[in-house]
Amino acid sequence: MLGPGGYVRDILAMPVGSSVGISGWVKTRRDSKGIHFAQVNDGSCMQDLQLVIDDGVLTAETLALVTTGASVTATGELVASPGAGQSVELKVTGLAVHGGADTVAYPLQKKGHTMEFLRDIAHLRSRSNTFGAVFRVRNAVSYAIHRFFQERGFIYVHTPVITASDCEGAGAMFGVTTLDMQNVPRTQSGAIDFSQDFFGKPAYLTVSGQLEAEIFALAFSNVYTFGPTFRAENSNTPRHLAEFWMVEPEMAFCDLAGDMRLAEDFLKYVIRYVLDTCLADIEFFTKRIDPTVLGTLEHVASVDFEHVTYTEAVDILERAGRNWEFPVEWGCDLQAEHERFLTEETFKRPVIVTDYPKQIKAFYMRANDDGKTVRAMDVLAPRIGEIIGGSQREERHDVLQARIMEQGLDLEPYWWYLDLRRFGSVPHAGFGLGVERILMYLTGMKNIRDVIPFPRTPGSAEF
RNA sequence: UCCCCGUUAGCUCAAUGGCAGAGCGUUCGGCUGUUAACCGAAAUGUUGGUAGUUCGAAUCUACCACGGGGAGCCA
């Protein structure tokens with residue numbers, strides 16, 4: 001096992017003359033008269049370590065196995081490199097090949113591949129430059145998320161993945177069952193008899209940890225959940241997954257203004273952390289994926305987000321003099337084209353839209369005194385649209401109960417959610433952020449399937 | 001789920017009703033402290049599947065599968 005100090009990233013920073021050992025996968029192999037070169041990468045950083053192998057150091061049999069894709073351990077001396085691509089290189093004195101890779105069959109070649117092709121070989125794409133960078137950034141983002149909330153005293157709560165409350169209304173859910181699908185038990189009326197199922201009632205994969213996070217917020221003040229969530233929607237777009245990771249903070253004694261402040265601080269913190277720790281990867285994305293990435297991130301990390309109410313946003317859109325594909329009028333939800341106009345043309349920065357009409361938002365959002373709008377906020381980012389959705393929650397028992405009934409929902413499943421408003425209720429607020437959405441923003445990757453290791457989408461669950 | 005586009009060598013793509021092609025990769029040879037090198041040669045195909053039109057289909061038609069873009073749903 002490699003340990004601290006033994007990764008390529010560490011070795012590249014060592015002084016010339018160091019005696020080192022290195023393990024990794026051969027990216028390319030080149031030969032010259034009497035000398036052989038192999039680029040080795042272990043995933044620790046963008047840069048490879050160049051092995052220099054003089055004729056006679058290895059047997060012909062071993063040397064023949066040092067091909068693209070092979071796994072090797074090499075020992076030798078770190079020397080200054082006369083070549084252009086690197087400052088140091090490893091002058092090899094010994095090398096072992098763990099696993100060879102048939103050059104004819106190995107699908108990764110030196111030249112660029114399309115993302116679609118690489119997605120089909122997701123078991124190998126993580127060895128490519130692009131996906132190495134993507135998943136290093138994904139790791140950094142995950143760590144930054146925990147650091148941000150931990151530094152602020154938030155308690156990390158593990159909300160359940162399986163839920164029996166079909167009450168979140170955030171989208172279609174995946175069923176979880178142990179019933180025999182060939183022979184489903186029926187009640188006398190012909191309905192599926194879930195009393196015989198594992199949980200004694202219908203169960204699902206969660207679409208959000210928010211409602212459970214609220215339970216914890218009303219005990220620990222500030223909490224966050226961070227885990228996988230599931231949507232069974234038949235969404236076929238570059239921005240949707242059936243399984244994705246979501247961060248959901250929930251804060252007691254907090255209103256919408258505090259919620260928005262936290263959301264903005266949070267986004268800037270994550271961006272700044274990635275710029276500080278993954279700059280080589282971000283520079284790679286800027287060079288190879290999207291030339292605007294680095295500039296955009298530096299801009300967003302330093303600029304104040306714009307704030308507009310939904311009503312103001314509709315006013316701006318109505319006066320824009322555009323022929324909208326979806327006409328704008330107060331009460332309709334903002335479409336992708338509207339969000340783009342606000343972020344990319346009107347303000348040219350992230351925009352927080354607040355106080356949406358209550359008809360187009362969820363029942364748990366706190367009603368405003370105007371009787372028409374709720375304390376909701378969406379953070380819209382240039383290029384990818386909605387990146388965060390949040391709200392102040394309705395903390396008044398009677399108002400919440402009326403809202404649930406108004407939306408035609410059963411009160412019974414919400415008994416515990418309503419109970420929170422009977423015992424020590426308090427103004428509270430929170431938001432949700434899709435980790436893959438912010439990764440698209442950070443990397444410039446165009447398809448959400450390329451920022452999660454093993455994407456699950458309608459009709460596709462390979463690997 | 002809807003609209004549009006696509007599917008030809010390992011990869012990226014040509015060939016628009018008449019002999020299946022190129023570049024890259026791979027293999028072999030040459031040259032070279034190389035960096036997505038360069039020069040020469042070779043191997044590589046059930047043209048996504050099924051059915052149809054036609055003397056003849058990669059090419060036209062229908063259906064299906066898969067992929068991409070846009071939309072809806074949303075994070």
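Each chain gets a letter, A, B and so on, in the order the sequences are listed, and its residues count up from 1.
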Of the nucleotides B:G72, B:C74, B:G10, which one has an atom closest to the side chain of A:A336?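 Comparing B:G72, B:C74, B:G10 against the side chain of A:A336, the answer is B:G72.
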Go through B:A71, B:C11, B:G72 for me and flag the one nearest to the A:H240 side chain.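 Comparing B:A71, B:C11, B:G72 against the side chain of A:H240, the answer is B:G72.
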Under a 3.5 Å cut-off for both distances, is [N] Watson-Crick or wobble paired, and to whom?
N     : value
B:C66 : B:G6
B:G33 : none
B:U61 : B:A51
B:A41 : B:U27
B:A20 : none

With rounding to whole Å, what would you report as the distance between [N] and [M] at their [atom1] atoms?
N     : M     : atom1 : result
B:G6  : B:U47 : C1'   : 14 Å
B:A22 : B:C74 : C1'   : 45 Å
B:G45 : B:C3  : C1'   : 34 Å
B:G40 : B:C4  : P     : 47 Å
B:C13 : B:G25 : C1'   : 14 Å
B:U26 : B:U7  : P     : 26 Å
B:G21 : B:U46 : P     : 15 Å
B:A14 : B:C2  : C1'   : 33 Å

In this structure, how many angstroms lie between the [atom2] atom of [N] and the [atom1] atom of [X], rounded?
X      : N     : atom1 : atom2 : result
A:W245 : B:C74 : CH2   : P     : 24 Å
A:R239 : B:A71 : CZ    : C1'   : 9 Å
A:N234 : B:C73 : CG    : P     : 14 Å
A:E116 : B:U7  : CD    : C1'   : 12 Å
A:I360 : B:C73 : CD1   : P     : 10 Å
A:L108 : B:U12 : CG    : C1'   : 15 Å
A:M115 : B:U12 : CE    : C1'   : 14 Å
A:D120 : B:G67 : CG    : P     : 8 Å

Pairing of A:E436 and A:R138 as salt bridge, 4.0 angstrom limit: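 Yes, charged N to carboxylate O under 4.0 Å.
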Indicate yes or no: does A:R375 engage A:D259 in a salt bridge with an N to O separation below 4.0 Å.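 No.
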If the plane angle is over 60° it's perpendicular, under 30° parallel, otherwise tilted; pick one for A:Y269 and A:Y273.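 Ring orientation, 0 to 90° scale: parallel.
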Which class fits the ring pair A:F226 and A:W245: parallel under 30°, tilted 30 to 60°, perpendicular over 60°?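 Perpendicular.
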How would you label the contact of [X] with the nucleic acid (heavy atoms, under 4.0 Å): base, sugar-phosphate, or nothing?
X      : result
A:Y106 : nothing
A:R449 : sugar-phosphate
A:I438 : nothing
A:Q109 : base

Both A:N447 and A:I388 contact RNA chain B. Which one's nearest nucleotide lies toward the 5' end?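 Between the two, 5'-proximity favours A:N447.
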Mind checking whether A:Y156 and A:Y224 have ring centres under 6.0 Å apart?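 Here the rings of A:Y224 and A:Y156 have centres that are less than 6.0 Å from each other.
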Just to confirm, is there a sub-4.0 Å distance from OP1 or OP2 of B:G72 to any side-chain nitrogen or oxygen of A:S235?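 No, A:S235 has no side-chain N/O under 4.0 Å of OP1/OP2 on B:G72.
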Any side-chain N or O of A:T114 less than 4.0 Å from the OP1 or OP2 oxygen of B:U12?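 The answer is yes; a side-chain N or O of A:T114 sits under 4.0 Å from OP1 or OP2.
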When every nucleotide of nucleotides 30-44 of chain B is labelled 5' to 3' by its protein contacts under 4.0 Å (heavy atoms), B for base, S for sugar-phosphate only, - for none, what sequence of letters results? --BBBBBS-------
Can the positive tip of [X] be found less than 6.0 Å from the middle of the six-membered ring of [Y], inside 45° of the ring normal?
X      : Y      : value
A:K268 : A:F305 : yes
A:R403 : A:F363 : no
A:R152 : A:F148 : yes

Backbone N or O of A:P15 within a donor-acceptor pair of the A:S18 side chain at under 3.5 Å?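 Confirmed, A:S18 side chain pairs with A:P15 backbone.
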